[in-house]
Asker: 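First the structure, which I've put down as structure tokens, then a few questions once you've had a look.
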Amino acid sequence: MKIKPLFDRVLCKPIIERTSQGGIYIPTTNSERHQIMSVIEVGEASPVSIDDKIIINKYAGAEILVNNEKLYLVQNFDIIGVIYE
């Protein structure tokens with residue numbers, strides 16, 4: 001299934017970056033909402049582009065399940081930053 005966001009919306013997926021200093025993965029709880037996302041698809045009026053890493057408001061957007069993967073549709077005003085490396 002392919003989803004194309006409309007207007008100023010962005011489709012993104014959470015980036016889980018939880019490891020200990022020794023490199024061991026630390027799982028998160030199901031109730032925790034991620035704020036760092038990777039952009040998958042953008043609408044026509046979006047200031048970000050595909051593959052950007054963004055920071056969103058904690059409970060922003062609509063959570064959808066696609067192929068057993070949680071994705072989020074958020075609007076531009078819920079994006080509070082872009083991460084550059």
Asker: Report the C-alpha separation of Val42 and Ser49 in whole Å, then their side-chain angles, then the decisive distance to 0.1 Å, and conclude whether the side-chain contact (heavy atoms from CB on, under 4.5 Å) test is met.
Answerer: CA-CA 7 Å; Val42 296; Ser49 55; 5.7 Å; no
Asker: Calculate, to the nearest 0.5 Å, the distance between atoms CG and CD1 belonging to Leu71 and Ile3 respectively.
Answerer: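 Taking CG in Leu71 and CD1 in Ile3, the distance rounds to 6.5 Å.
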Asker: Please confirm whether the backbone N or O of Pro14 pairs with a side-chain atom of Lys70, one donor and one acceptor, at under 3.5 Å?
Answerer: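 Looks like no, no N/O pair under 3.5 Å.
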Asker: Can Ile40 be reached from Ile54 by stepping across I, L, V, M, F, W or Y side chains whose heavy atoms are under 4.5 Å apart?
Answerer: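 Per the 4.5 Å side-chain linkage, Ile54 and Ile40 are not co-clustered.
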Asker: If you compare all heavy atoms of Lys58 against all heavy atoms of Gln35, which two are closest, and at what distance to 0.1 Å?
Answerer: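 Reported closest heavy-atom pair: N-NE2, 3.7 Å.
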Asker: Do side-chain atoms of Gln75 reach the backbone of Asp8 as a donor and acceptor pair under 3.5 angstrom?
Answerer: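 Side chain of Gln75 to backbone of Asp8, a donor-acceptor pair under 3.5 Å: no, none is there.
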Asker: Verify the cluster assignment for Ile56 and Leu73: are they in a single hydrophobic cluster under the rule of side-chain heavy atoms below 4.5 Å apart?
Answerer: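 Hydrophobic grouping puts Ile56 apart from Leu73.
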Asker: Quick one: are Leu11 and Ile64 in side-chain contact, heavy atoms under 4.5 Å?
Answerer: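 Of all side-chain heavy-atom pairs linking Ile64 with Leu11, at least one is under 4.5 Å.
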Asker: Go through Val10 and Val48 one step at a time and tell me if the side-chain contact (heavy atoms from CB on, under 4.5 Å) criterion holds.
Answerer: CA-CA 8 Å; Val10 175; Val48 296; 3.9 Å; yes
Asker: Can you tell if the side chain of Asn76 reaches within under 4.5 Å of the side chain of Asp78, non-hydrogen atoms only?
Answerer: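 Not in contact.
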Asker: Excluding sequence neighbours, so at least two apart, what forms side chain to side chain contact (heavy atoms under 4.5 Å, CB included) with Ile83?
Answerer: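 Expected list: Ile36, Lys53, Ile55, Glu85.
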Asker: Determine the sole option in Arg9, Met37, Lys13 for which the side-chain contact (heavy atoms from CB on, under 4.5 Å) test with Tyr72 is passed.
Answerer: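 It is Met37, the one option of Arg9, Met37, Lys13 that forms the side-chain contact (heavy atoms from CB on, under 4.5 Å) with Tyr72.
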Asker: Heavy-atom count check: over 12 atoms from other residues, nucleotides or ligands less than 6.0 Å from Lys2 NZ?
Answerer: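 No, NZ of Lys2 has 12 or fewer neighbouring heavy atoms, counting only those of other groups under 6.0 Å.
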Asker: Taking the side chain as everything from C-beta on, heavy atoms only, tell me whether Asn57 gets closer than 4.5 Å to Ile80.
Answerer: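 In contact.
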Asker: Kindly compute the distance separating CD1 (Ile50) from CD (Glu41), expressed to the nearest 0.5 Å.
Answerer: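 Here the rounded value is 4.5 Å.
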